[in-house]
Amino acid sequence: AHLSACAFGVTAAGDTEEVTLTQLLDWIGSAAQGDILYRGASSWARLGAGTSGQFLKTQGAGSNPVWADAGGLVLLNSGTVSAAATLDIVLTSYTGYRALQLVLGNFRPATDAQALYLRFSTDGGSTFDAGVSDYNWAYVRFGDAALGGNEDVADSEIQMGPIMGNAATEGGSFTLTIYQQTSTAHWTKCFFDGHLIDINSNPHCLIGGGAREATQDTDAIRFLMSSGNIAEGNWALYGYA
C-alpha cells in the first residue's frame with residue numbers, strides 16, 4: 001500500500017509524493033532488522049533490536065517497553081561432535097550468566113575404555129590449562145552391583161567419571177554445571193552427574209565435581225577423551241539468567 005504525504009499533514013512544494021508504510025516508519029529513526037515501534041510519552045519511537053535470547057518486557061502504561069533477559073535457564077548454543085580429538089566451546093559471549101550448564105548426550109570414545117576429561121581456558125580457547133596440578137576432582141558411582149569412586153587433588157584435567165565403552169550401545173550422557181566462571185576472586189568450580197556404560201556393558205550412575213586450582217576468568221572449555229578421539233556426541237549450552 002502507498003500513502004500520500006498530504007494525508008499526514010505533510011506539505012511541500014511540487015507534486016504530491018506517495019510513500020510506502022515502510023518508508024513512513026523509517027522516518028522515525030535509523031531502522032534495522034529486529035527493531036520495533038512503540039508509543040512514548042509524547043511521540044512514536046524506535047526500540048532497537050535486543051540481543052539473542054532476550055524478550056520484550058512491558059513496564060506498564062506509564063513507562064516504555066524494554067528488552068530483558070529471560071529468567072531461569074536460557075538455551076545459548078548447541079551442536080554435535082563426531083570423530084574429533086576435542087570439543088571446544090567458547091564462552092566469551094555468555095559473561096552475563098551466573099552459571100552455565102552443559103548437557104552432553106551419547107558421548108562415546110573412538111577407543112575402547114576411555115574416560116571423559118574437561119579442561120578450562122582463559123584466552124578464548126587459544127590454549128587450555130593442562131598443568132600437572134591445575135585441577136582437583138572427585139566422583140562417586142554406583143553400578144555393576146557395587147559402589148565406588150575416585151579422586152585426584154592435583155591433575156592436568158577434571159575426570160568426569162569412570163571409563164566408558166566405545167560400542168554404539170555404550171558411552172555416556174552427562175549434565176555439567178559451571179559456577180561463577182568469570183569471577184577472578186574464586187576458583188572455577190563445576191558439578192556433574194551422568195549415566196554411562198562401561199566396556200563390559202555394565203551401567204553406572206555417578207555424581208562428582210571439580211575445580212581449577214586458580215582464580216581466573218574461564219572463557220572456554222574443552223572436552224576430550226583420556227586417549228583417542230570423541231567418536232560422537234551432541235551437546236547443548238544453557239545459561240542461568
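The structure displayed is predicted, hence computed values, not measured ones.
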Hey, what do you get for OH (Tyr135) to CD (Glu157), rounding to the nearest 0.5 Å?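 The CD atom of Glu157 is 8.0 Å from OH of Tyr135, to the nearest 0.5 Å.
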Starting at CG of Leu237, measure out to OH of Tyr94 and round the result to the nearest 0.5 Å.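 Taking CG in Leu237 and OH in Tyr94, the distance rounds to 6.0 Å.
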Quick one: does [X]'s side chain get under 4.5 Å of [Y]'s, heavy atoms only?
X	Y	answer
Pro162	Tyr139	yes
Ser173	His195	no
Met164	Met225	yes
Thr51	Trp67	no

Taking it one step at a time, do Tyr97 and Thr182 satisfy side chain to side chain contact (heavy atoms under 4.5 Å, CB included)? CA-CA 9 Å; Tyr97 294 90; Thr182 62; over 6 Å; no
Closest contact, heavy atoms only, Asn234 versus Phe107: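 Nearest pair, atom of Asn234 first, then Phe107: O-CE1, 3.3 Å.
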Considering all heavy atoms of both residues, which atom of Leu91 and which atom of Thr218 are nearest to each other, and what is their separation?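 The answer is CD1-O, 4.3 Å.
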[Y] versus [X], side-chain donor and acceptor atoms under 3.5 Å:
X	Y	value
Gln181	Thr188	no
Gln114	Asn166	no
Glu232	Ser82	no

Using side chain to side chain contact (heavy atoms under 4.5 Å, CB included), reason through Leu196 and Leu116 one step at a time and then give a plain yes or no. CA-CA 11 Å; Leu196 60 86; Leu116 182 63; over 6 Å; no
Can you spot which of Thr177, Leu76, Leu75 makes a side-chain contact (heavy atoms from CB on, under 4.5 Å) with Tyr238?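 Exactly one option meets the side-chain contact (heavy atoms from CB on, under 4.5 Å) with Tyr238, and it is Leu75.
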Under 3.5 Å donor-acceptor, Asp219 side chain and Gly124 backbone: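 Yes, Asp219 side chain to Gly124 backbone: donor-acceptor pair under 3.5 Å.
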Output yes when a side-chain donor or acceptor of Arg212 lies under 3.5 Å from a complementary backbone atom of Asp134, and no otherwise.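 A pair under 3.5 Å: yes.
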Listed partners of Asp35 passing salt bridge (charged side-chain N to carboxylate O under 4.0 Å, His left out), at least two apart: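 Only Arg46 meet the salt bridge (charged side-chain N to carboxylate O under 4.0 Å, His left out) criterion with Asp35.
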Tell me whether Arg119 is salt-bridged to Asp129, with the criterion being a basic N under 4.0 Å from an acidic carboxylate O.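 A salt bridge is absent here (no side-chain N lies under 4.0 Å from a carboxylate O).
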